[in-house]
Amino acid sequence: MDKKTEEFYERLKEELRTTSDWPSIYLYKFIVPTDTIKISAIENAFDNMGAVINTQQSKTGKFTSISINVSMLSPEHVVEKYIDVSSVEGIISL
């Protein structure tokens, strides 16, 4: 992971520490090229966590947005999950 990405995650953790009580429900939002393997990889990353996952294809069908509501223990766990799914090619985190 490059230095800029590390700094981003550190800022995110600090912001989450100051704006939320933990554990807390966190909303992840991702956009990926519409590909069942990529969508499944993201969904599987949240398997057995009690996550509520919603998907929506774009009008053209080229992309799929994935919204995931899940209870997370701490800001560190939130960032760990972002890092975990970052290996999915073409993923955009919102």
Side-chain angles (χ1 to χ4, degrees):
M1 179 181 330
D2 64 32
K3 185 158 180 70
K4 186 176 180 179
T5 303
E6 285 180 30
E7 289 171 354
F8 169 78
Y9 285 134
E10 285 304 316
R11 284 191 313 270
L12 176 60
K13 282 192 272 189
E14 186 57 35
E15 185 176 326
L16 291 173
R17 277 187 204 103
T18 60
T19 61
S20 301
D21 293 325
W22 297 93
S24 183
I25 300 294
Y26 187 78
L27 173 62
Y28 289 91
K29 290 185 150 221
F30 304 106
I31 297 175
V32 293
T34 299
D35 177 328
T36 55
I37 293 171
K38 292 177 183 183
I39 295 167
S40 292
I42 294 169
E43 291 175 340
N44 291 340
F46 293 90
D47 200 22
N48 298 319
M49 294 180 66
V52 176
I53 301 173
N54 294 304
T55 60
Q56 173 88 31
Q57 262 192 17
S58 65
K59 288 182 182 179
T60 63
K62 292 181 181 180
F63 296 95
T64 298
S65 70
I66 305 169
S67 298
I68 303 168
N69 276 297
V70 62
S71 179
M72 299 302 285
L73 297 175
S74 69
E76 290 76 20
H77 287 109
V78 170
V79 169
E80 286 172 14
K81 206 46 88 170
Y82 274 119
I83 293 169
D84 187 27
V85 299
S86 69
S87 62
V88 175
E89 186 180 342
I91 191 169
I92 299 170
S93 302
L94 304 173

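From a predicted model like this one, the values you see are computed outputs, not experimental measurements.
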message = Between Tyr26 and Phe8, is there shared hydrophobic-cluster membership here, with clusters defined by ILVMFWY side-chain heavy atoms closer than 4.5 Å?
response = yes

task = Taking atom CD1 of Ile37 as the centre, report whether more than 12 heavy atoms of other residues, nucleotides or ligands fall under 6.0 Å from it.
result = no

inquiry  = Under 4.0 Å between a side-chain nitrogen and a carboxylate oxygen: does that hold for Glu10 and Lys3?
reply    = no

ask   = Where does the angle between the aromatic ring planes of Tyr28 and Phe30 fall among parallel (under 30°), tilted (30 to 60°) and perpendicular (over 60°)?
value = parallel

inquiry  = Heavy-atom count check: over 12 atoms from other residues, nucleotides or ligands less than 6.0 Å from Glu89 CD?
reply    = no

query = How far does CG of Asp47 sit from CD1 of Ile42, to the nearest 0.5 angstrom?
reply = 14.0 Å

Test item: Val70 and Met72 side chains (from C-beta on) under 4.5 Å apart, heavy atoms = yes

request  = For the residue pair Leu27 and Ser67, establish whether any side-chain heavy-atom pair is separated by less than 4.5 Å.
outcome  = yes

message = Within the structure provided, determine whether Trp22 and Val78 are in side-chain contact (heavy-atom separation under 4.5 Å).
response = yes

ask   = Roughly how far, to the nearest 0.5 Å, is CG of Leu16 from CZ of Arg11?
value = 12.5 Å

remark   = Between the NZ atom in Lys13 and the CD atom in Glu80, the distance rounded to the nearest 0.5 Å is 8.0 Å

query = Are any of the side-chain heavy atoms of Ile68 and Lys81 separated by less than 4.5 Å?
reply = no

note = Separation between OG (Ser71) and CE (Met49), nearest 0.5 Å, reads 8.0 Å

remark   = The reported gap from OG1 in Thr34 to CD1 in Ile39 (rounded to nearest 0.5 angstrom) is 5.5 Å

Lys/Arg-Asp/Glu bridge criterion (N-O < 4.0 Å) met for Lys4, Glu7 = no

task = Please round to the nearest 0.5 Å and tell me the distance separating atom OG of Ser65 and atom CD1 of Ile92.
result = 11.0 Å

key: Other residues, nucleotides, ligands: >12 heavy atoms within 6.0 Å of Gln56 CD   = no

message = Hydrophobic clustering (ILVMFWY, side-chain heavy atoms < 4.5 Å, transitive) - are Ile66 and Val52 grouped together?
response = no

Minimal non-hydrogen separation, Ala45 against Val85, with atom names = CB-CG1, 3.6 Å

ask   = How far apart are the closest heavy atoms of Pro33 and Gly90, and which atoms are they?
value = CD-O, 3.5 Å

ask   = Going by heavy atoms in the side chains, are Leu12 and Tyr82 under 4.5 Å from each other?
value = yes

